[in-house]
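Note on naming: letters A, B, ... go to the chains in the order of the sequence lines (proteins, then strands), and numbering restarts at 1 for each one. This structure is a prediction, so every number in the text was calculated from the model and none was measured.
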There are 4 protein chains.
Amino acid sequence: MKKNKPKYKAIIEGAVQVIAENGYHASKVSTIAKKSGVADGTIYLYFKNKEDILISVFKEKMGQFIQEIAKATEKENDVQSKLLTLIQLHFEQLAVDHHLAIVTQLELRQSDPKIRAQINDVLKVYLDVIDSILEEGMEKKLFRNDLHVPLMRQMIFGTLDETVTNWVMKNQKFDLVRLAPDVHKLLMNGLKSEG
Amino acid sequence: MKKNKPKYKAIIEGAVQVIAENGYHASKVSTIAKKSGVADGTIYLYFKNKEDILISVFKEKMGQFIQEIAKATEKENDVQSKLLTLIQLHFEQLAVDHHLAIVTQLELRQSDPKIRAQINDVLKVYLDVIDSILEEGMEKKLFRNDLHVPLMRQMIFGTLDETVTNWVMKNQKFDLVRLAPDVHKLLMNGLKSEG
Amino acid sequence: MKKNKPKYKAIIEGAVQVIAENGYHASKVSTIAKKSGVADGTIYLYFKNKEDILISVFKEKMGQFIQEIAKATEKENDVQSKLLTLIQLHFEQLAVDHHLAIVTQLELRQSDPKIRAQINDVLKVYLDVIDSILEEGMEKKLFRNDLHVPLMRQMIFGTLDETVTNWVMKNQKFDLVRLAPDVHKLLMNGLKSEG
Amino acid sequence: MKKNKPKYKAIIEGAVQVIAENGYHASKVSTIAKKSGVADGTIYLYFKNKEDILISVFKEKMGQFIQEIAKATEKENDVQSKLLTLIQLHFEQLAVDHHLAIVTQLELRQSDPKIRAQINDVLKVYLDVIDSILEEGMEKKLFRNDLHVPLMRQMIFGTLDETVTNWVMKNQKFDLVRLAPDVHKLLMNGLKSEG
DNA sequence: CATGAATGAGAATTCATTCAT
DNA sequence: TATGAATGAATTCTCATTCAT
């Protein structure tokens, strides 16, 4: 399995750094190679092309990111805690790895349709996690049911995403993780059923 | 004034279309020139370089977009209507001009710091509009005041933005404008003070 | 006559300055126009193209330069004085107009064959002045006659030219005119017949 | 060492030919690449930019040219022979390689200050060789000492340079090398101490 | 598997020149 | 004559990708 080889991993790590520092388009394959400690040509033994590096970075890093959240939320029993856990882990993981944060908040926004589609595949898993929490909440009459799930999901994801983007744009000057409880309160309010 | 000259406007319009169709990086200056009906060199009489085209497109189009919203919300008397108007106009304007929508939702996300900074200047005005609504709501005790404004603003902007992005990503297959009342309800719920 | 019109002269003067400051290739027609106080298009009412500006500058300025020397040397009676006068005027005229000096010492060296040919036509007149002095000197047995004129002419012109180039290259830091008598002595020594 | 690699040398040789034929400004990088038998991009593995090609050509070719002269003059015992050797080698080397001659006599005259400075560094070595001959001649009372060295050096270099330029301008129609003894005689006359 | 020198397609930008006013 | 906005050909340089070693 290619993905377990050390050079593959080295290139992914090198790429995250280089892309975070320069942006995808301004990142040169040769720079990624140098940062990863491999030769330019070696990149092409592990990745089809430059685009494939970007997509692989997303799949690897975001996959991990999402897995972490999926596992942790499953462990929680009530819906409220699940949502709080999701928010906390979302913030924590990005706060810990600011290179990754830059990549997800800025470089994830590729308009190239081919790249977009792949990114969305990865994100889909995350959105499904959110949806399942929402559905559980609605089933248990904790969340309002006069609105459809996609809308509520957009509020959740949009709020988290916008908050992180803000944090990245302000060069991580404030404590992102500390915001989790307030964000949770805000979202719960929006979601909860009346009375 | 350069910005009122017909060729300037023609290039802005041409650029919106070309960038919406191809993305900024894949858009060639010569393609923008052709679409605008001017010679390649003419572009450089009105814009410093390719980057300047992108930034000018944002400033022109977004400036207009935001002005429209700012004016309309001011006309409304109560805070609830202001928020609804903001949501409706946000959706309407992008629904009407899908080239613009593509540009704002995808191409607006440039990681190049120089471009980012300029974009943020423009967005700042919009965020200020949101803030003033929030502050009015808090003053009038309609909105909760145990959370700080930036957080609430992120929820509002994040939700709208995420909703539009979703609509763009799904190739505008659903009626964006019709979502406005529900989004309004959802956000009001999150914002409103208890009791 | 085109050449007596004020704009023609203005352009020639503007061109000397701009070319001296930037070199021919780096000089833009629009810059010359601006410096001359005329519109870009006006240049083309007086000159065929950019190359024609350069050649005209040479013809005007060098023609004048050479005429001055030709007239003054003719007035002198003996050969020695003619040579001294030539050297002095050569140095004086360039010392007085350092823009012209830069143009003659650096920009005169164009390798474009078309330009070269024209420049040489102008220079030819100067070399003829030198030749006539040499021939008179040989006739009067003052100069050696075992060497042919071109060689001696090359020594004279080469020495003067190299001296001025040196002065230009050292940013006119020393007094060029004061060198005339010594250069004269040096050249006379090389030229004079033995015994 | 980059300079010993075959492609480096090939590009230098290609560049000399192309520049001699077209002049520096009219020479396209792609033409130099083709003549050198390498791809356009390869040029940029060995040279920073087009200007760097020109400067490198000068440094390589002139450096060699001057070394040859420096070595040969050192071997001679008396001052007269040193000067004759210098003249002969100066003429011989350029007569043998007319591409190089064109480059040194026409393209060497660049007014771009950055390029000029580099060229002068290389020429400096040659002028030092001339100076040391002059100083030896003055010490041994063979040369006059009422004139300063720079002036005499300018006569020597100016005469040689002007002679070669003439030969190049006349398309190498006469035998340059055969002129050496006469030029030597002429210069010795100018330099030698009286009596 | 790994290398990195070589490739060459591709694109932004400049600027001499034109021409409608 | 004079203008200067508009033109578009022309050229340097970059960088993803290949392939001989």
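For E:dG8, the paired nucleotide is F:dC15, the pair qualifying as Watson-Crick or G-U wobble because both relevant distances are below 3.5 Å. In this structure, F:dA20 forms a base pair with E:dT3, meeting either the Watson-Crick or the G-U wobble geometry with both donor-acceptor distances under 3.5 Å.
C:Tyr8 has its OH atom 15 Å from the P atom of F:dA2, to the nearest Å. A:Tyr24 has its OH atom 12 Å from the C1' atom of F:dC15, to the nearest Å. Distance B:Asn22 CG to E:dA11 P: 11 Å, rounded to the nearest Å. E:dT13 atom P lies 18 Å from atom CG of D:Asn49, rounded to whole Å. Distance B:His25 NE2 to F:dC15 C1': 14 Å, rounded to the nearest Å. Rounding to whole angstrom units, CD1 of residue B:Ile32 and P of E:dT13 are separated by 11 Å. To the nearest angstrom, P of F:dC15 lies 13 Å from NZ of A:Lys34. Following rounding to the nearest Å, A:Phe47 (CZ) and E:dA2 (C1') show an atom-to-atom distance of 15 Å.
Toward the 5′ end of DNA chain F lies the nearest nucleotide of C:Gly37, the other residue of the pair B:Ile43 and C:Gly37 mapping further downstream. When the nearest nucleotides of DNA chain F are assigned to B:Leu45 and D:Lys50 by heavy-atom distance, the more 5′-ward of the two goes with B:Leu45. Map C:Lys48 and A:Gly41 each onto its nearest nucleotide of DNA chain E; the residue landing nearer the 5' end is A:Gly41. Each of A:Lys7 and D:Lys7 has a nearest nucleotide on DNA chain E; the 5'-most of these lies closest to A:Lys7.
Residue D:Tyr46 has its side chain nearest to E:dA6 when only E:dA12, F:dG8, E:dA6 are considered. When distances run from any side-chain atom of B:Ala39 to the nucleotides F:dT7, E:dT13, F:dT17, the shortest one goes to F:dT7. Closest contact between the side chain of D:Val38 and the listed nucleotides F:dA5, E:dT7, E:dA2 involves E:dT7. Distances were taken from every side-chain heavy atom of D:Lys28 (C-beta onward) to each of E:dA16, F:dT11, F:dT7; the shortest belongs to F:dT11. Of the listed nucleotides (F:dA5, F:dC13, E:dT13), E:dT13 has the atom at the smallest distance from the side chain of B:Tyr44. When each of E:dA11, F:dT12, F:dT18 is scored by its nearest atom to the side-chain atoms of D:Val29, the top-ranked nucleotide is F:dT12. Of the candidates E:dT7, F:dC13, F:dT3, F:dC13 carries the atom nearest the D:Asp40 side chain, counting heavy atoms from C-beta on. Between F:dA2, F:dA6, E:dA5, one nucleotide has an atom nearer to the side chain of C:Thr42 than all others, and that is F:dA2.
Summarising the geometry of A:Leu108 relative to A:Arg116, their closest heavy-atom pair is O-NH1, 4.1 Å, with the distance given to 0.1 Å. Of all non-hydrogen atoms in B:Glu60 and B:Tyr8, the two that sit nearest each other are OE2-OH, 3.2 Å. The nearest pair of heavy atoms linking B:Tyr46 to B:Asp52 is O-OD2, 4.5 Å.
Here C:Lys5 reaches the OP1 or OP2 of F:dT1: one of its side-chain N or O atoms lies under 4.0 Å away.
Of the inter-residue distances, the one linking C:Ile19 atom CD1 with C:Ile32 atom CD1 reads 5.0 Å to the nearest 0.5 angstrom.
Proximity of B:Glu107 to B:Val57: side-chain heavy atoms (C-beta onward) are nowhere separated by under 4.5 Å. For the pair B:Glu51 and B:Gln118, the minimum side-chain heavy-atom distance is 4.5 Å or more.
Within the nucleic acid shown, D:Thr31 has no heavy atom closer than 4.0 Å to any nucleic acid atom.
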